[in-house]
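What follows is one structure encoded as structure tokens, with my remarks underneath.
The basis for the numbers below is simple: all heavy atoms, side chains too, and nothing from hydrogens, waters or symmetry mates. Chain letters run A, B, ... following the sequence lines, proteins first and then strands; every chain starts at 1. Quick caveat, the model's predicted, so the values are computed rather than measured.
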Amino acid sequence: MKTHTHPLLQTLNAQQQAAVAAPDGPALVLAGPGSGKTRVLTHRIAWMLAEMRVAPWHVLAVTFTNKAAREMRARLDKMLGDDSAKSLTIGTFHAACARILRREAVAAGLSNNYLIFDTDDQLNVMKQVVKDLALDDKRYRPKSLLNAVSAAKNELIPPTAYPVQTYYDEVVARAYARYQDTLRKSDGLDFDDLLMETATLLRRDDLVRDKYRGRYRHLLVDEFQDTNMAQYVILHLLAQEHRSLYVVADEDQSIYSWRGADYRNIQRLREDFPEVQQHLLEENYRSTQVILDGAQAVIAQNTDRTPKHLFTRGRGGDRIMLHEAYDEREEADFVVREIMTLARSGYAYSDIAVMYRTNAQSRALEEACVRYNVPYRLIGATRFYARKEIKDVLAYLRLAQTPDDDVSFMRVVNVPTRGLGARTLAVVAEAANALEGSRFQGALHLLEQGTLASRATKALKTFVGMVTRWQQLRTEVSVAQLLDAILADTGYEGYVRDGSDDGESRWENIQALRAVVAEAPDVTLPEFLTDVALVADIDELSEEVRAVTFLTLHSAKGLEYPVVFLTGLEEGLLPHSRSMDSAQQVAEERRLLYVGMTRAEKRLYLTYAFRRGWGQYSSSGDPSAPSRFLSDLPDAVLDRPRRAKKRSETAGTRSWGASWRDSAVRTPATSSRAHTPAPAPQLHYRQGQRVRHTHYGEGIVLESQMDGRSEMVTVLFTNGIGAKRLLASMAPMEPISAH
DNA sequence: TGACGCAAGTTTTTT
DNA sequence: ACTTGCGTCA
């Protein structure tokens with residue numbers, strides 16, 4: 001039997017084989033967590049090339065992140081052995097659409113050098129719109145207007161068709177129209193536009209549609225449950241003829257409905273492609289039986305899902321550790337101490353991940369890591385391309401390409417300060433409005449007229465002159481050289497490097513950007529700007545770090561770790577208080593927990609705190625109840641070290657919620673003292689004290705304790721250096737505050 | 001133009 | 001509680 005198995009299928013289980021070797025035509029692969037869906041996807045592509053005689057350039061595979069795309073391409077590269085992987089189109093929806101629009105700019109009614117506006121730019125545009133329309137920015141907050149606009153775009157609703165039921169809708173419709181206008185005047189598209197414009201183009205233009213149907217005859221989609229309406233329409237339009245649409249989905253991992261993802265697309269697919277072949281992947285290769293049982297127990301409570309029978313060969317396993325902490329500090333303490341124990345027993349720090357619902361929760365964990373000297377890395381904190389200095393430099397580059405980009409113009413027209421204050425800029429804006437043109441055009445006009453005050457004229461001339469020069473330069477030199485010219489012209493280096501360490505690190509960031517540019521000497525400016533906009537992070541792939549990973553439940557999707565800690569399992573946090581209004585939202589919160597639990601391979605910890613310092617943004621005292629989801633976990637999979645195992649009442653939130661009050665042993669005071677021993681009198685430094693170090697600058701003492709006969713002090717330096725453990729008697733450091 | 005003080009907003013995130 | 005953004009004042 002086995003001897004007849006095709007080499008490509010040999011390492012796969014029966015369900016995977018069936019999915020990989022499925023006949024041509026629409027296919028829906030419903031894959032549980034850890035069931036090898038990425039493997040199936042890559043093997044399917046290899047299968048199509050080898051067995052179905054599909055040419056690689058007819059294949060389009062879409063993923064949701066660049067990282068996923070990169071990984072898929074790398075795997076295929078290895079698997080195929082030749083360079084046919086190079087001819088495959090693998091990328092995010094947005095990247096694929098950006099390429100199509102660039103190529104079909106004329107048909108789409110766009111410029112082929114359009115800029116992509118990120119969230120930050122969008123907000124700037126919308127703020128301007130609110131001002132232009134003289135709206136009250138309290139009642140109509142730019143952010144919520146943008147949400148409405150984004151939702152409309154996801155549903156392919158143009159401004160003219162925006163449904164108006166209430167007065168608020170009416171305002172949204174006006175803001176939407178104006179926003180779109182403003183955006184296009186700057187030759188910009190936002191992320192949603194990339195999808196919407198592509199969908200409408202394919203829908204409207206038969207020629208273009210046929211062209212891409214012919215080009216991308218075989219479509220594959222990862223994380224299909226996260227597609228939105230616009231994405232579905234694109235797929236539908238492209239796949240209608242050849243009907244080779246292969247999608248992988250897991251309804252139970254749908255956690256992005258708040259940004260337009262619609263898992264009902266699975267149902268739509270079944271309706272639009274009634275001949276669709278369905279495959280299940282139910283064998284889990286990741287987790288132990290216990291972890292899988294726990295996760296299943298949680299997700300089973302959701303209705304409106306296809307029940308799956310997930311199983312694993314890994315029998316048994318350690319029970320899921322449940323820990324009730326007194327507060328967030330003690331929770332973090334528990335987690336980090338446990339991590340140290342695990343590290344001593346042979347786990348690498350990189351085997352361990354700590355997950356939470358909100359980013360704010362990372363703080364206590366970081367502090368604990370610093371206290372115990374445990375290395376960690378934080379995922380998704382500040383993104384490289386969102387940094388001020390990077391956005392500034394990118395704004396110059398954008399102006400070199402598109403001087404009419406008002407957002408970039410306003411961003412850097414007076415950076416570094418060159419005497420162009422609010423007054424002058426108001427005149428420029430006025431001139432632009434009169435011309436019905438951009439700020440840049442307005443500025444040009446003013447300079448021609450010579451009506452400005454001489455000081456303002458001089459400053460404006462300098463700026464306009466620079467931009468004009470760059471505009472010329474960009475056609476002659478590489479992006480790297482252009483960047484150098486910009487930095488020299490603006491004196492940006494002197495502006496950022498103000499002598500502070502913060503300034504140094506900002507300059508380093510610019511150097512990093514410079515390095516990225518220099519690495520690809522053939523990339524043109526429009527290409528570079530597109531890449532930058534579509535890539536979240538410069539060092540997305542700094543993996544293999546010897547550190548514990550901290551990340552939100554959302555960013556954990558698709559990852560796996562031998563050990564996982566899920567923290568803050570409390571009512572109000574998970575489910576989040578902002579998601580408790582509707583059953584649908586609570587169901588999504590439950591899926592979030594499910595995603596988190598199923599990231600774990602060997603050991604899973606669930607923790608919650610009796611009270612959380614910043615409670616409901618208000619007073620620091622309200623006790624929090626354990627998450628309702630915890631009561632769905634059967635006792636058989638749980639290990640509760642701090643609590644008696646017997647529970648007479650039926651399992652439920654209530655009975656656990658009272659535990660701290662029941663025992664009444666630990667008052668807040670005793671508890672916190674237990675973790676911060678009163679400093680012994682001979683210590684030179686105290687927790688919370690501000691200090692100045694001759695090399696590292698200013699910082700704050702996180703901990704100071706006697707280690708043998710010497711005082712070890714842990715200081716968190718404020719200027720990006722991070723935490724250091726220092727020997728008090730040796731360090732060139734002084735207290736600068738008394739307490 | 002820069003520093004300071006007050007108010008308001010705090011889920012999740014890719015592209 | 002805490003950050004962040006905006007407006008005012010010097």
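For CD of A/Q301, the number of neighbouring non-hydrogen atoms (other residues, nucleotides, ligands) closer than 6.0 Å is greater than 12.
Residue-to-nucleotide proximity on DNA chain B shows that, of A/S555 and A/K143, the 5′-proximal contact is made by A/K143. Residue whose closest nucleotide on DNA chain B sits further toward the 5' end, between A/R141 and A/L194: A/R141.
Remark: P of B/dT13 and CD of A/E588 are 13 Å apart, rounded to the nearest angstrom. Taking atom CG of A/D118 as the reference point, atom P of B/dT15 lies 12 Å away to the nearest angstrom. Between A/R455 atom CZ and B/dT1 atom P the separation is 9 Å, expressed in whole Å. One atom, CZ of A/R423, and another, P of B/dT1, lie 12 Å apart when rounded to the nearest Å. A straight line from CG of A/L146 to P of B/dG9 spans 16 Å, rounded to a whole angstrom. Counting to the nearest Å, the C1' atom of B/dT12 and the CG atom of A/D581 are 15 Å from each other. In this entry the distance linking CE of A/M580 with P of B/dT12 reads 16 Å, nearest Å. To the nearest angstrom, C1' of B/dT13 lies 10 Å from CD1 of A/I255.
Put simply, the side chain of A/V129 does not reach to within 4.5 Å of the side chain of A/Y140, judged on heavy atoms. Side-chain contact check for A/W258 versus A/H554: some heavy-atom pair is nearer than 4.5 Å. The shortest distance between side-chain heavy atoms of A/D193 and A/Q180 falls below 4.5 Å.
Residue-to-nucleotide contacts include no donor-acceptor pair under 3.5 Å from the side chain of A/R578 to the base of B/dT11. Checked by distance alone, A/T119 brings a side-chain donor or acceptor within 3.5 Å of a matching partner on the base of B/dT15.
You'll find that the side chain of A/K138 is closest to B/dA8, out of B/dA8, B/dG2, B/dT12. Checking B/dT11, B/dT15, B/dT1 against the side-chain heavy atoms of A/N414 singles out B/dT1 as nearest. Side-chain atoms of A/R363 lie closest to C/dT3 of the nucleotides B/dT15, B/dT1, C/dT3. In this structure, the nucleotide among B/dT13, B/dT15, B/dT1 sitting nearest to the side chain of A/L534 is B/dT15.
C/dT4 and B/dT11 have their P atoms separated by 14 Å, given to the nearest Å. Comparing the C1' positions of B/dT14 and C/dT3 gives an interatomic distance of 24 Å, to the nearest angstrom.
Figure legend: A/R611 and A/Y326 shown without cation-pi pairing, the cationic atom not lying both under 6.0 angstrom from the six-membered ring centre and within 45 degrees of its axis. The cationic atom of A/R591 (NZ for Lys, CZ for Arg) lies less than 6.0 Å from the six-membered ring centre of A/Y263 and within 45° of the ring axis.
Residue contacts for A/S579: at a heavy-atom cut-off of 4.0 Å it reaches a base atom on one of the strands shown. Counting any heavy atom pair closer than 4.0 Å across all strands shown, A/D226 reaches no nucleic acid atom. Residue contacts shown for A/K127 are limited to sugar-phosphate atoms, with no base heavy atom under 4.0 Å away.
The side chain of A/N359 places no N or O atom within less than 4.0 Å of a non-bridging phosphate oxygen (OP1 or OP2) of B/dT11.
By the criterion of a centre-to-centre distance under 5.5 Å and near-parallel planes under 30°, the ring of A/F191 forms no stack with the base of B/dT14.
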